[in-house]
Peer 1: 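Just dropping this structure here.
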Amino acid sequence: MAEFQLPADLKYNRGPVQDPCAYAKESGSSSWLCLVGEEFASMPGGMSYAQVQQAVPHSACVVSDPPRVLNLDLARQHVEALEMLPRPTLISCRSGPRASAVAYMYAGLKLGAKYEEVLAAAEHDNAPFCASTEYKEWVRSSMESLQDEIGGTTSP
């Protein structure tokens, strides 16, 4: 396999999203996977799923923000949502780490990449999840657990 890179049609936030409509337009995205729950909407600088729905024609919400723990069930829900959304797609959490983990996990699965290749690309790209041992472990374990279920485009 050629060196793994995150596909250009998957984007994630690297900080709080200030203006969802402007963010979607700026990125040229037609869909959005939102990872935050409604409790985030009431926080200063928060964003609601309703704002996401106003910003793009296609969206999904898989609530994955703290105190929820990233687990295999959430990984399956992320994959299912991303399978249904047209590209280009935004993925967002409160500030970027979980969104970037979802993006790299999903892309690695779909492209049949090994975890080490995905992590190397993520580290090269300064993906926010790389600062968290917990999130790196979630990407690794999710990729290993789901690789047979998802079926990437290349064979091992």
Peer 1: May I ask you to test the Glu144-Ser142 pair for a side-chain heavy-atom distance under 4.5 Å?
Peer 2: no

Peer 1: Indicate yes or no for a side-chain donor-acceptor contact from Asn13 to the backbone of Cys93 under 3.5 Å, with no hydrogens or angles considered.
Peer 2: yes

Peer 1: Taking the side chain from Thr89 and the backbone from Pro86, do they hold a donor-acceptor pair closer than 3.5 Å?
Peer 2: yes

Peer 1: Do any pairs count as a ring-ring contact (aromatic ring centres under 6.0 Å, His included) and have a residue in residues 16-42, sequence neighbours left out, and if so which ones?
Peer 2: Tyr23-Trp32

Peer 1: About how many Å separate CD of Glu3 and NE2 of His124, when rounded to the nearest 0.5 Å?
Peer 2: 7.5 Å

Peer 1: Check whether any side-chain heavy atom of Leu70 sits under 4.5 Å from a side-chain heavy atom of Ser64, and report yes or no.
Peer 2: yes

Peer 1: Taking only Lys NZ, Arg NE, NH1 and NH2, and the carboxylate oxygens of Asp or Glu, determine whether Arg68 and Glu39 approach each other closer than 4.0 Å.
Peer 2: yes

Peer 1: With a 4.5 Å heavy-atom cut-off, do Gln54 and Pro20 have their side chains touching?
Peer 2: no

Peer 1: Find out whether Glu80 and Glu83 are in side-chain contact, i.e. whether some heavy atom of one side chain is under 4.5 Å from a heavy atom of the other.
Peer 2: no

Peer 1: Of all heavy-atom pairs between Pro66 and Arg94, which one has the smallest distance, and what is that distance?
Peer 2: O-NH2, 3.5 Å

Peer 1: Check Ala81 against Leu33 and note the closest heavy-atom contact, atom names and distance.
Peer 2: CB-CD1, 3.8 Å

Peer 1: Taking only residues at least two apart or on different chains, which pairs with a member in residues 126-145 satisfy ring-ring contact (aromatic ring centres under 6.0 Å, His included)?
Peer 2: His78-Trp138, Tyr104-Phe129

Peer 1: What is the minimum heavy-atom distance between Ala24 and Leu90, and which atoms define it?
Peer 2: CA-CD1, 3.8 Å

Peer 1: For Cys21, does its backbone N or O pair with a side-chain atom of Asp19 as donor and acceptor, under 3.5 Å?
Peer 2: yes

Peer 1: Is there a side-chain contact (heavy atoms from CB on, under 4.5 Å) between Val62 and Leu74? Walk through the geometry before answering.
Peer 2: CA-CA 8 Å; Val62 177; Leu74 281 175; 3.9 Å; yes

Peer 1: Verify whether one side chain among Ser92 and Tyr12 offers a donor that lies under 3.5 Å from an acceptor in the other.
Peer 2: no

Peer 1: Do you know the tightest heavy-atom contact between Val139 and Ala101?
Peer 2: CG2-O, 3.6 Å

Peer 1: So Val118 and Leu111, side-chain contact (heavy atoms from CB on, under 4.5 Å) or not? Walk me through it.
Peer 2: CA-CA 10 Å; Val118 171; Leu111 296 173; over 6 Å; no

Peer 1: Can you name the closest pair of heavy atoms from Val63 and Val36 and give their distance?
Peer 2: CG2-O, 4.1 Å

Peer 1: Is the shortest heavy-atom distance from the side chain of Glu123 to the side chain of Lys136 under 4.5 Å?
Peer 2: yes

